[in-house]
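Being a predicted model, the structure only gives us computed values, none of them experimental.
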Amino acid sequence: CSTLLARDSVPVNNLMVDSVLVSDADVGVTGILAPVGNIDSTATLTPQVGVMNYGSSPASFPVILRIIGPPNYVDTFFVNNLPSGIGMMVSFDPWTVGPRGTYQVQCTTALPFDTSARNDTLSGLFSIIVHDVGVTEIISPKGVVPLNSVQSPKAVVRNFGTQLETFIVSMVIFTPIPSLFSELVTLPAGATDTADFLLATWTAQPLGTHLVRCSTYLVGDLVPTNNLQIDSVTVSDADVGVTGILAPVGNI
């Protein structure tokens with residue numbers, strides 16, 4: 001571009017030269033394949049995305065994936081000479097799954113002179129789920145109970161996780177011939193319930209102190225330390241009583 005002025009006294013500023021590149025270079029993210037949806041907190045996760053070359057020539061470009069933590073995660077994969085009109089799946093380094101909660105994942109392509117920025121970035125949300133159930137208390141039998149009394153085994157169980165869970169609760173009373181009680185329990189996330197072992201009963205015998213153990217069993221339970229409660233029950237025939245008041249009685 002030039003200016004033309006008769007008797008211009010400074011001709012060095014009369015000209016400007018630049019360039020324009022006409023291109024159809026265009027790559028983009030077609031989809032986030034992982035992580036998506038609900039992710040098990042015990043899983044090993046490899047982030048994956050789909051990318052596409054929409055242009056007319058082979059393209060080489062970096063693909064950047066971010067997970068907003070904690071912990072934050074950033075990784076880059078370089079795509080080399082992706083042919084025109086071809087898509088591919090890109091896998092990143094494994095991500096250490098974080099604590100329960102909702103996370104944002106974002107993927108971006110960074111092709112120089114990309115003519116269409118609208119398909120360069122794709123974002124999504126996913127959640128970390130936790131499987132965790134446990135026993136919080138043995139209600140019965142425990143303490144001191146009379147010999148041959150009928151006891152109803154009961155325990156309090158809780159779903160500490162983030163999903164509806166169905167799991168087994170079992171109680172064992174360790175007498176010379178142990179008594180075993182089991183029940184299948186379904187609990188929503190965060191809920192507490194009393195397992196009554198289908199209204200089963202236990203006859204308190206023999207005499208003595210017996211160990212009582214209650215456990216939950218759930219595949220993939222993340223926190224096994226809360227799966228067990230231990231208590232004891234003492235079966236006793238100790239019995240004293242008052243047979244009568246001998247004095248003072250009547251008129252004194």
Side-chain angles (χ1 to χ4, degrees), residues 38-43 70 97-103 127-252:
N38 292 326
I39 307 297
D40 196 315
S41 58
T42 61
V97 175
R100 70 178 71 189
T102 300
Y103 293 73
S127 298
I128 302 298
I129 64 173
V130 175
H131 302 286
D132 179 20
V133 300
V135 186
T136 60
E137 181 187 3
I138 294 174
I139 299 176
S140 173
K142 68 178 182 179
V144 179
V145 298
L147 178 66
N148 294 322
S149 63
V150 177
Q151 304 292 318
S152 299
K154 293 181 181 180
V156 179
V157 294
R158 180 173 175 82
N159 182 355
F160 297 97
T162 59
Q163 304 295 299
L164 178 75
E165 302 285 9
T166 298
F167 55 98
I168 296 172
V169 184
S170 71
M171 180 181 289
V172 181
I173 305 171
F174 287 91
T175 56
I177 301 177
S179 299
L180 172 65
F181 307 90
S182 294
E183 184 176 359
L184 196 64
V185 175
T186 298
L187 279 182
T192 298
D193 199 4
T194 299
D196 58 13
F197 302 99
L198 305 178
L199 302 179
T201 58
W202 173 69
T203 301
Q205 54 180 278
L207 293 171
T209 299
H210 311 295
L211 186 71
V212 181
R213 179 185 176 110
C214 187
S215 305
T216 57
Y217 300 93
L218 172 68
V219 175
D221 194 301
L222 186 65
V223 187
T225 54
N226 59 19
N227 294 354
L228 173 65
Q229 286 285 338
I230 297 175
D231 214 313
S232 64
V233 59
T234 299
V235 179
S236 173
D237 64 351
D239 184 15
V240 298
V242 181
T243 60
I245 297 175
L246 305 180
V249 294
N251 296 320
I252 304 301

Original post:
Donor-acceptor pair, R158 side chain versus D193 backbone, under 3.5 Å?
Top reply: no
Original post:
Can any side-chain N or O of T136 pair as donor or acceptor with the backbone N or O of V156 at less than 3.5 Å?
Top reply: yes
**OP:** Might you work through the side chain to side chain contact (heavy atoms under 4.5 Å, CB included) test for V157 and L187, ending with a clear yes or no?
**Re:** CA-CA 9 Å; V157 294; L187 279 182; 4.1 Å; yes
Subject >> L184 atom CG: more than 12 heavy-atom contacts under 6.0 Å >> reply: yes
Taking the side chain as every heavy atom from C-beta outward, state whether [X] and [Y] have any atom pair closer than 4.5 Å.
X    : Y    : value
S232 : V212 : no
P206 : V235 : no
S170 : L180 : yes

Specify the closest pair of heavy atoms between [X] and [Y], including all atoms of both residues, with the distance to one decimal.
X    : Y    : value
P153 : M171 : CB-SD, 3.7 Å
L218 : E165 : CD1-OE1, 3.7 Å
L222 : S41  : CD2-OG, 3.4 Å
N227 : D221 : OD1-OD2, 3.4 Å
A155 : F197 : N-CE1, 4.3 Å
V145 : V233 : CG2-CG2, 3.7 Å

[atom2] on [Y] to [atom1] on [X], rounded to 0.5 Å:
X    : Y    : atom1 : atom2 : answer
F160 : D132 : CZ    : CG    : 6.5 Å
D196 : S140 : CG    : OG    : 11.0 Å
N159 : H131 : CG    : NE2   : 10.0 Å
T234 : H210 : OG1   : NE2   : 8.0 Å
Q229 : T216 : CD    : OG1   : 10.0 Å
S236 : L207 : OG    : CG    : 7.0 Å

Original post:
Judged by modelled atom types alone, do T186 and T166 share a side-chain donor-acceptor pair under 3.5 Å?
Top reply: yes
**OP:** Apply side chain to side chain contact (heavy atoms under 4.5 Å, CB included) to the pair L228 and R213, showing each step before the final yes or no.
**Re:** CA-CA 7 Å; L228 173 65; R213 179 185 176 110; 3.3 Å; yes
